[in-house]
J.: 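My questions will all concern the structure given below.
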Amino acid sequence: MDDDSAPQGNGAYLRLLTELREGRLNPGDRLRETELADLLGVSRTPVREAIRQLEADGIVTHVPRHGATIRRLDYAEVMELYEMRAVLEGTAARLAARAASDIEIEELIDMNQQMATLGNAPEAFILNRQFHAALLDAAKNRFLARSIHALQKALMILGPTTLTEPDRARKAAEEHFGILDAIKARDGTFAEAAMRAHIEAAQRVRVRDLRASSHKTPSYDGDLL
């Protein structure tokens with residue numbers, strides 16, 4: 001293996017995560033090394049390493065007679081993921097109420113105001129991810145950040161964001177403003193409760209989707225909401 005194999009493997013891994021995040025790879029899809037190598041413009045070796053990394057993340061599993069395949073989450077796993085999101089992101093909101101600078105709060109408000117004007121346009125989904133990432137940064141806890149980033153990898157195999165649902169993007173922005181009001185008031189208890197309610201609202205949309213298409217694979221939450 002040449003000296004460039006590790007950087008190439010990491011690059012292929014990040015590219016495959018992007019393919020997942022943007023819905024070009026979906027639960028149940030087979031990961032064929034030759035096809036992915038052609039897609040990414042690399043040799044099969046870094047693709048093989050990237051698949052190993054995705055398997056370590058719990059995103060890829062090996063299916064008999066099919067090989068490496070993007071995992072499908074069952075109903076219980078989806079519910080457990082949202083429960084952990086509520087706990088971790090609720091904690092992030094509580095810590096942000098204590099630790100966020102005034103500039104960080106202003107930036108969060110500005111991002112959410114932009115999101116509120118976009119409706120369920122694709123740009124709103126990107127801003128939503130950025131909003132949650134910026135709030136996590138404002139919490140200033142590296143151990144919490146690692147836990148949330150690990151959870152987000154599992155959330156990638158849910159599919160399209162719940163913000164594509166009619167009126168969900170508008171309601172999500174309103175919920176964000178409630179969280180921000182608590183953070184600006186330095187009320188950690190209310191900020192945590194508001195964030196938990198926000199995650200639970202997204203969970204209810206996801207559950208409705210699962211029940212409406214129980215024969216299909218659940219979809220990804222872009223930022224994850």
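For reference, positions follow the sequence shown, starting with 1.
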J.: Report the C-alpha separation of Tyr82 and Val78 in whole Å, then their side-chain angles, then the decisive distance to 0.1 Å, and conclude whether the side chain to side chain contact (heavy atoms under 4.5 Å, CB included) test is met.
T.: CA-CA 6 Å; Tyr82 273 97; Val78 173; 4.0 Å; yes
J.: Would Glu77 and Asp74 satisfy side chain to side chain contact (heavy atoms under 4.5 Å, CB included), going step by step from the backbone distance to the final call?
T.: CA-CA 5 Å; Glu77 288 176 308; Asp74 62 30; 3.2 Å; yes
J.: Determine the minimum heavy-atom distance between Gly119 and Ala124, stating which atoms define it.
T.: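 Distance-wise, the nearest heavy atoms are O-CB, 3.2 Å.
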J.: Could you check if a side-chain atom of Met156 sits within less than 4.5 angstrom of a side-chain atom of Gln152, using non-hydrogen atoms only?
T.: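 With C-beta onward as the side chain, the pair stays apart.
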J.: Out of curiosity, Leu95 CG to Ile183 CD1, how far, rounded to the nearest 0.5 Å?
T.: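 Between Leu95 CG and Ile183 CD1, I get 10.0 Å after rounding to 0.5 Å.
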J.: Grab the two heavy atoms, one from Ala92 and one from Ala139, that are nearest each other, plus how far apart they are.
T.: O-CB, 3.4 Å
J.: Are side-chain heavy atoms of Leu135 and Ile179 found at a separation under 4.5 Å?
T.: yes
J.: Under 4.5 Å between side-chain heavy atoms, hopping through other hydrophobics if needed: is there a path connecting Leu25 to Leu155?
T.: yes
J.: Assign the ring pair His176 / His132 to parallel, tilted or perpendicular, where the plane angle (0 to 90°) is split at 30° and 60°.
T.: perpendicular
J.: To the nearest 0.5 angstrom, please state how far the CZ atom of Arg94 sits from the CZ atom of Arg196.
T.: 9.0 Å
J.: Stepwise, does the side chain to side chain donor-acceptor pair (under 3.5 Å) test hold for Asp57 with Gln53?
T.: CA-CA 6 Å; Asp57 289 337; Gln53 288 180 266; over 6 Å; no
J.: Taking salt bridge (charged side-chain N to carboxylate O under 4.0 Å, His left out) as the definition, give me every residue that meets it alongside Arg15, ordered by chain and number, with sequence neighbours left out.
T.: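 Partners of Arg15 under the salt bridge (charged side-chain N to carboxylate O under 4.0 Å, His left out) test: none.
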J.: Check whether any side-chain heavy atom of Arg186 lies under 4.5 Å from a side-chain heavy atom of Ile105, and answer yes or no.
T.: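 Side-chain contact under 4.5 Å: yes.
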J.: Same cluster or not: are Leu136 and Val87 linked, directly or through other Ile, Leu, Val, Met, Phe, Trp or Tyr residues, by side-chain heavy atoms under 4.5 angstrom apart?
T.: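 Hydrophobic grouping puts Leu136 apart from Val87.
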J.: Which value, rounded to the nearest 0.5 Å, describes the distance between Leu14 atom CG and Arg21 atom CZ?
T.: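 Answer for the CG-CZ pair, Leu14 versus Arg21, is 9.0 Å.
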J.: Please answer whether the main-chain N or O of Ala99 pairs with a side-chain N or O of Ser101 as donor and acceptor at a distance below 3.5 Å.
T.: no
J.: Tell me, yes or no, whether the heavy-atom count around Phe190 atom CZ, taken from other residues, nucleotides or ligands under 6.0 Å, exceeds 12.
T.: no
J.: Taking C-beta and beyond as the side chain, do Gln113 and Phe177 meet within less than 4.5 Å on heavy atoms?
T.: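 Side chain of Gln113 against side chain of Phe177, heavy atoms only: contact under 4.5 Å found.
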J.: If hydrophobic clusters are built by linking Ile, Leu, Val, Met, Phe, Trp and Tyr wherever their side-chain heavy atoms come under 4.5 Å apart, do Ile126 and Leu108 end up in the same one?
T.: no
J.: Of all the heavy-atom pairs spanning Ile59 and Leu20, show the shortest one and how long it is.
T.: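 Looks like CG2-CD1, 3.6 Å.
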J.: Could you tell me whether the side chain of Arg71 and the main chain of Ile157 form a donor-acceptor pair under 3.5 Å?
T.: no
J.: Looking at every non-hydrogen atom in both residues, tell me the closest pair between Met111 and Ala134 and how far apart they are.
T.: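 For Met111 and Ala134, the tightest heavy-atom pair comes out as SD-CB, 4.2 Å.
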J.: Are Leu54 and Leu17 packed together at the side-chain level, in the sense that at least one heavy-atom pair is separated by less than 4.5 angstrom?
T.: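 They are in side-chain contact.
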J.: Going hydrophobic residue to hydrophobic residue with side-chain gaps under 4.5 angstrom, can you get from Met79 over to Val205?
T.: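 No: no chain of side-chain contacts under 4.5 Å links Met79 to Val205.
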J.: Mind checking whether Val60 and Ile70 have side chains closer than 4.5 Å, heavy atoms only?
T.: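 Side-chain contact under 4.5 Å: yes.
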J.: To the nearest 0.5 angstrom, please state how far the CD atom of Gln114 sits from the CD atom of Gln130.
T.: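 Gln114 CD to Gln130 CD: 8.5 Å, rounded to 0.5 Å.
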J.: Looking at Lys140, I'd like to know if its NZ atom is crowded, meaning that more than 12 non-hydrogen atoms belonging to other residues, nucleotides or ligands lie closer than 6.0 Å.
T.: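 Above 12, so yes.
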J.: Atom CE in Met195, atom NE2 in His198: separation rounded to 0.5 Å?
T.: 6.0 Å
J.: How far apart are the closest heavy atoms of Met115 and Ala172, and which atoms are they?
T.: CE-CB, 4.1 Å
J.: Check residues 141-150 and write down every donor-acceptor pair under 3.5 Å in which the side-chain atom is one partner and the other belongs to a residue at least two apart or another chain.
T.:
residue, atom, partner, partner atom, Å
Asn141, OD1, Phe143, N, 3.1
Asn141, OD1, Leu144, N, 2.9
Ser147, OG, Phe143, O, 3.2
His149, ND1, Ala145, O, 3.2

J.: Once you round to the nearest 0.5 Å, how far does CG of Asn112 lie from OG1 of Thr117?
T.: 10.0 Å
J.: Arg170: what forms a salt bridge (charged side-chain N to carboxylate O under 4.0 Å, His left out) with it, not counting sequence neighbours?
T.: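 Listed in chain order: Asp167, Glu174.
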J.: Is a side-chain donor or acceptor of Glu192 paired with a backbone partner of Thr189 at a separation under 3.5 angstrom?
T.: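 No, the answer is negative, given that no donor and acceptor are paired below the 3.5 Å cut-off.
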J.: Could you pull out the closest heavy-atom pair between Leu16 and Ala50, with the gap in Å?
T.: CD1-CB, 3.9 Å
